[in-house]
Visitor: 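I am attaching a structure below and will ask some questions about it afterwards.
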Amino acid sequence: MFAENGGNKLAGRVVIPSDLRSARAVQEEVMQQVAGRGYGQAAQFAIKLALEEALTNAIRHGNAFDPEKNVIVEFDITRQRVRIVVTDEGPGFDPRKLPDPTADENLEKPCGRGVMLINAYMDEVRYSRGGNRLEMVKYRCGGDLE
Amino acid sequence: MTRDSLQLDVQQLDEATVVRLRGAAGMYDAERLQDRLEQLTEADPGQMVLDLTELAFISSQGLGALVAVQSRRRRQGRPLKLVRPQPPVRQVLEMTRLTQLFPIYDSTQAALAQT
């Protein structure tokens with residue numbers, strides 16, 4: 001899954017089926033590598049949360065658990081930042097059209113909370129290919145050094 | 001970070017059910033969490049307190065499970081009460097404004113004292 005590059009950069013690409021067990025395996029593997037690069041607890045929480053939300057959206061809403069469709073997870077991890085790209089094979093979506101999950105009338109609805117958390121916890125978030133491809137970046141803060 | 005697993009320890013008191021959540025309430029355990037809390041609600045419609053002291057992680061799926069149970073319990077007039085969410089989990093609750101749905105207390109005693 002991983003390839004080292006000169007001891008600084010750890011990069012990988014993995015294709016998983018649309019099921020949560022596979023998603024969890026990828027999440028755990030990525031998070032082990034993030035922890036191994038010395039990121040602090042706050043950054044680990046943020047990256048883990050954003051990755052989980054991205055995988056959940058790709059599998060549940062993108063591919064609709066279709067066993068014929070895959071999710072591609074690409075990542076590169078340096079000591080300065082973590083970059084993760086999640087791509088699904090679903091119909092895509094426009095994140096700008098999601099309802100605000102923090103509005104009073106939406107608090108009890110399940111829609112939009114994951115996308116909102118990704119935006120809140122990651123430093124850079126970009127959607128492309130009609131919403132099928134999500135790229136997100138988390139930079140190391142000074143307080144993360146361990 | 002802890003591994004992605006969720007433990008639920010249930011303590012049945014005279015006046016309430018106290019459920020201690022440990023580990024991670026994420027995509028893999030959300031459905032089980034909701035099912036268990038709904039079972040407990042059916043078995044005992046009294047007060048229910050969720051002790052989050054040892055809950056290290058929660059995602060939108062875990063939140064969704066809690067919200068679904070809370071919606072039902074609020075209609076019954078017995079809302080879930082949360083106790084001692086740790087800073088990362090509390091931040092998620094605040095950021096999503098779910099603190100509007102869930103009363104939060106510093107201790108189980110304080111939660112049970114508030115009717």
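Every chain is numbered from 1 and lettered A, B, ... according to where its sequence line falls, protein lines coming before strand lines.
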Visitor: Looking at every heavy atom in both A:Leu49 and B:Ile58, which two are closest together, and how far apart are they?
Guide: CD1-O, 3.5 Å
Visitor: Tell me, side chain or backbone of A:Arg21 under 4.5 Å from chain B's heavy atoms, or both, or neither?
Guide: both
Visitor: Testing the basics here: between A:Lys48 and B:Ala24, what is the closest heavy-atom pair and its distance to 0.1 Å?
Guide: NZ-CB, 4.2 Å
Visitor: Taking atom CG of A:Asn57 and atom OG of B:Ser60, what is their separation to the nearest 0.5 Å?
Guide: 6.5 Å
Visitor: Working to the nearest 0.5 Å, report the span between OG1 of A:Thr56 and OH of B:Tyr28.
Guide: 12.5 Å
Visitor: Do A:Arg113 and B:Val67 have side-chain heavy atoms sitting under 4.5 Å apart?
Guide: yes
Visitor: Checking A:Leu117 against chain B: side chain, backbone, both or neither under 4.5 Å from a heavy atom?
Guide: side chain
Visitor: Which heavy atom of A:Glu108 sits nearest a heavy atom of B:Leu101, and at what distance?
Guide: CG-CD1, 3.8 Å
Visitor: Are more than 12 heavy atoms from other residues, nucleotides or ligands located less than 6.0 Å from atom CG of A:Asp94?
Guide: yes
Visitor: Tell me whether the count of non-hydrogen atoms from other residues, nucleotides or ligands lying under 6.0 Å of CD in B:Gln100 goes above 12.
Guide: yes
Visitor: Is there a path from A:Val71 to A:Tyr127 through hydrophobic residues (I, L, V, M, F, W, Y) whose side chains come within less than 4.5 Å of each other?
Guide: yes
Visitor: Under a single-linkage definition using a 4.5 Å side-chain heavy-atom cutoff for Ile, Leu, Val, Met, Phe, Trp and Tyr, are B:Val49 and B:Leu82 assigned to the same hydrophobic cluster?
Guide: no
Visitor: Of the backbone (N, CA, C, O) and the side chain (C-beta and beyond), which part of A:Ala103 lies under 4.5 Å from a heavy atom of chain B, both, or neither?
Guide: backbone
Visitor: Tell me whether B:Leu112 shares a hydrophobic cluster with B:Phe102, the cluster being built from Ile, Leu, Val, Met, Phe, Trp, Tyr side chains joined at under 4.5 Å.
Guide: no
Visitor: Give the member of B:Gly26, B:Pro87, B:Gly64, B:Ala68 that has the highest number of heavy-atom pairs under 4.5 Å with chain A.
Guide: B:Gly26
Visitor: What distance separates B:Gln61 CD from A:Leu20 CG, expressed to the nearest 0.5 Å?
Guide: 7.5 Å
Visitor: Answer with yes or no whether the hydrophobic clustering places A:Val26 together with A:Val15; edges join I, L, V, M, F, W, Y residues whose side-chain heavy atoms lie under 4.5 Å apart.
Guide: no
Visitor: What closest approach, in Å, do A:Tyr121 and B:Val92 show between heavy atoms, and which atom pair accounts for it?
Guide: OH-CG2, 3.2 Å
Visitor: Does any non-hydrogen side-chain atom of A:Phe45 lie less than 4.5 Å from one of B:Gln91?
Guide: no
Visitor: Give the intermediate values and the outcome of side-chain contact (heavy atoms from CB on, under 4.5 Å) for residues B:Phe57 and A:Gln44.
Guide: CA-CA 11 Å; B:Phe57 177 83; A:Gln44 287 186 52; over 6 Å; no
Visitor: Counting only heavy atoms from other residues, nucleotides and ligands, does the tally under 6.0 Å from CD of A:Glu68 exceed 12?
Guide: no
Visitor: As an exercise, state the distance from NZ of A:Lys109 to OG of B:Ser71, rounded to the nearest 0.5 Å.
Guide: 11.5 Å
Visitor: Within the structure provided, determine whether A:Gln27 and B:Met27 are in side-chain contact (heavy-atom separation under 4.5 Å).
Guide: yes
Visitor: Spell out, yes or no, whether B:Leu21 and B:Val83 are grouped together once hydrophobic residues are joined by side-chain heavy atoms under 4.5 Å, including indirect joins.
Guide: no
Visitor: Any side-chain heavy atom of A:Leu107 within less than 4.5 Å of one from B:Gln70?
Guide: no
Visitor: A side-chain contact here means heavy atoms from C-beta on lying under 4.5 Å apart; do A:Asp104 and B:Arg97 qualify?
Guide: yes
